[in-house]
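The structure under discussion appears below in the form of structure tokens.
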Number of protein chains: 2
Amino acid sequence: MTAYGQFCPVAKAMEILDERWTLLVVRELLAGSTHFNELRRGNPRMSPALLTKRLRTLERVGVVRRTGDPSGRTSYRLTECGEELRPIVESLGAWGVRWIGELGTEDLDPHLLLWDIRRTVPVDEWPRSRTVLAFAFDDVPQKVAHWWLVVAGSEPDVCDYDPGFEVTATIRTGLRTMTEIWRGDRSWVDALRAGEVEVVGPDTVRRDLPRWLGQMPLAAVPRPTPIVSPSGQVG
Amino acid sequence: MTAYGQFCPVAKAMEILDERWTLLVVRELLAGSTHFNELRRGNPRMSPALLTKRLRTLERVGVVRRTGDPSGRTSYRLTECGEELRPIVESLGAWGVRWIGELGTEDLDPHLLLWDIRRTVPVDEWPRSRTVLAFAFDDVPQKVAHWWLVVAGSEPDVCDYDPGFEVTATIRTGLRTMTEIWRGDRSWVDALRAGEVEVVGPDTVRRDLPRWLGQMPLAAVPRPTPIVSPSGQVG
DNA sequence: CTGTATCCTCAAGGATACTG
DNA sequence: CAGTATCCTTGAGGATACAG
């Protein structure tokens with residue numbers, strides 16, 4: 001928060017918002033997280049001390065209000081001022097998904113992926129009875145390769161251990177491929193055709209599964225048209 | 001540009017954009033600056049080494065293209081990718097002007113103010129003949145208290161020394177007051193009534209002067225409605 | 001005009017362990 | 001659950017001078 005020495009509103013805004021992690025904490029709050037550990041889960045590489053510090057700053061400048069919620073737990077909520085950051089965070093996301101397609105291996109995180117999927121799972125598309133999808137990622141250490149997504153009732157659950165229910169279908173693929181599909185960088189059909197995803201389960205499930213999982217909301221953002229030269233090469 | 005370890009497009013965008021000064025350099029490019037020293041003038045507290053570094057990064061990620069312009073001078077221009085940051089920078093400005101009203105003394109800078117005014121002076125509103133406005137700021141060191149704005153033809157000029165032409169009118173006020181008027185935090189009439197601005201010159205000029213100078217574009221952004229309690233106090 | 005080159009400091013923030 | 005406490009490092013970036 002070192003001052004820029006400018007009266008320009010953009011500079012004044014950035015004094016607050018350009019600090020590392022700040023807008024990612026706001027992103028979590030916009031997505032509906034309210035508790036300290038929810039915010040941590042959304043930003044696992046952030047130390048708790050730093051999260052505290054950022055929340056204090058955001059509170060001081062009026063973006064966040066810290067309250068005890070009904071049950072007495074501490075909870076953080078965006079003020080009107082903070083809520084008005086929504087279009088900014090959304091535009092940043094749209095810009096990011098359009099122009100920063102290349103993901104490093106560092107950017108891939110199964111925990112974040114599954115939690116993000118869980119957040120927006122279209123439960124209505126799923127069968128009424130308990131349904132369990134198993135994920136097996138073949139490009140990460142065994143320890144973090146297996147995940148389960150359980151939909152029973154209206155609340156989806158994510159586990160990194162076998163919850164013991166019968167598995168409806170298993171998705172074998174790379175974490176990278178699954179992430180790219182989720183982000184809308186490539187389509188299910190494309191990945192299936194390329195043999196990079198294998199869905200083990202009944203045909204009906206294999207057909208419905210893409211609709212069950214869906215894609216992240218930003219996946220719908222149109223991508224820049226690649227410039228194709230007459231020779232057919234991408235320029 | 002330390003990675004966040006997240007595939008989220010907001011995180012990927014912020015890896016680039018949350019570095020100190022970055023979006024302020026982009027702001028200058030969006031405003032039409034193309035040369036190294038123009039970019040420096042817009043961000044005087046930024047060291048040239050750091051500006052170089054930021055420009056290299058922006059070039060590497062595809063936001064900026066570095067070219068020699070017709071005359072051979074180096075020039076920096078936004079790519080399509082960089083141009084798409086415009087709505088983001090504008091939203092940040094709108095948010096900043098709405099929610100960060102308090103300016104520290106550090107934020108006041110006569111050079112930046114005059115250059116910003118110059119940038120958008122509505123020359124058509126001015127007399128056809130050469131017109132010179134003198135600014136005398138009474139709350140800053142003598143050295144930086146006196147400025148001249150010269151409009152002759154279509155190109156306005158700013159000087160921090162007496163250019164020698166006959167002065168059409170002199171504006172005596174605080175740098176803070178002038179900055180607040182420019183930002184739209186307060187109105188001319190309000191500041192005049194409060195006796196915080198004195199315009200020395202012909203009546204016609206005193207009347208027209210607010211229209212000559214105008215306000216920064218973001219001044220038009222509506223401000224949050226203060227919550228007024230029944231007792232009349234601002235909450 | 002468009003940068004390099006150096007130096008220096010300091011504080012941001014990552015890692016880890018611990019507590020009411 | 002919601003943070004503190006501590007340590008440590010490293011590189012970000014401010015200041016200044018200089019160069020092609």
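Numbered from 1 within each chain, the chains take letters A, B, ... in sequence-line order. Excluded from the calculations below are hydrogen atoms, water molecules and symmetry mates; all remaining heavy atoms, backbone and side chain alike, are included.
Whole-Å rounding puts the B:Asp18 CG to C:dA12 P distance at 15 Å. Rounded to whole angstrom, the span from the CZ atom of A:Arg54 across to the P atom of C:dA11 amounts to 15 Å. Between A:Glu15 atom CD and D:dG13 atom P the separation is 14 Å, expressed in whole Å. Look at CG on A:Asn37: it is 9 Å from C1' on D:dG3, rounded to the nearest Å. Taking atom CD on B:Glu19 and atom P on D:dA12, their separation rounds to 7 Å, with Å as the unit. As a whole-Å value, the separation of B:Leu39 CG from C:dT2 P is 9 Å. Residue B:Leu51 contributes atom CG, which lies 16 Å from atom P of D:dA12 at whole-angstrom precision. The CD atom of B:Glu38 sits 10 Å away from the P atom of C:dC1 (whole-angstrom rounding).
Partners of A:Arg40 by side chain to side chain donor-acceptor pair (under 3.5 Å), not counting sequence neighbours: none found. Every residue two or more places apart in sequence or in another chain that forms a side chain to side chain donor-acceptor pair (under 3.5 Å) with B:Asp185 is listed here: B:Arg183, B:Arg223. Contacts of A:Trp182 classified as side chain to side chain donor-acceptor pair (under 3.5 Å), with partners at least two apart in sequence or in another chain: A:Asp116. Partners of A:Ile100 by side-chain contact (heavy atoms from CB on, under 4.5 Å), not counting sequence neighbours, listed by chain and number: A:Trp95, B:Lys12, B:Ile16. In this view, B:Glu83 and B:Arg86 satisfy the side chain to side chain donor-acceptor pair (under 3.5 Å) rule, not counting sequence neighbours.
Taking 4.0 angstrom as the limit, A:Lys53 places a side-chain polar atom (N or O) nearer than this to OP1 or OP2 of C:dA12. Contact annotation: B:His35 side-chain N/O to C:dT2 OP1/OP2 distance is under 4.0 Å. Proximity of A:Tyr4 to the phosphate of D:dG13: no side-chain N or O atom is located under 4.0 Å from OP1 or OP2. Contact between the side-chain N/O atoms of A:Arg41 and the OP1/OP2 oxygens of D:dC1 is not found at any separation under 4.0 Å. The side chain of A:Arg66 places an N or O atom within less than 4.0 Å of a non-bridging phosphate oxygen (OP1 or OP2) of D:dG3.
Side-chain proximity of B:Thr74 to the nucleotides D:dG3, C:dG3, D:dC1 is greatest for C:dG3. Which of D:dC1, D:dT4, C:dT4 sits closest to the side chain of A:Arg56 comes down to D:dT4.
Defined by atom type and a distance below 3.5 Å, a donor-acceptor pair is missing between the side-chain atoms of B:Arg65 and B:Thr79. Checking A:Tyr4 against A:Asp18 by side-chain atom types alone, a donor-acceptor pair falls below 3.5 Å.
Taken to the nearest 0.5 Å, the CG atom of B:Leu103 stands 9.0 Å off from the CZ atom of A:Phe7.
Among residues at least two apart or in separate chains, there is no ring pair (Phe, Tyr, Trp, His ring centres under 6.0 Å) pair with a member in residues 22-81 of chain B.
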Any protein N or O atoms within reach of nucleotides 14-20 of chain D? Criterion: under 3.5 Å, listing atom names and distances.
| unit_1 | atom_1 | unit_2 | atom_2 | d |
| --- | --- | --- | --- | --- |
| D:dG14 | OP1 | B:Arg20 | NE | 2.8 |
| D:dG14 | OP1 | B:Arg20 | NH2 | 3.3 |
| D:dG14 | OP2 | B:Trp21 | NE1 | 2.9 |

Could you pull out all donor-acceptor pairs under 3.5 Å where a side-chain atom in residues 144-167 of chain B meets a protein atom, sequence neighbours excluded?
| unit_1 | atom_1 | unit_2 | atom_2 | d |
| --- | --- | --- | --- | --- |
| B:Trp147 | NE1 | B:Val144 | O | 2.7 |
| B:Asp162 | OD1 | B:Gly164 | N | 2.7 |

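One axis for each end of the helix from C:dC1-D:dG20 to C:dG20-D:dC1, each built from five base pairs, and the angle between them comes to 60° at 10° resolution.
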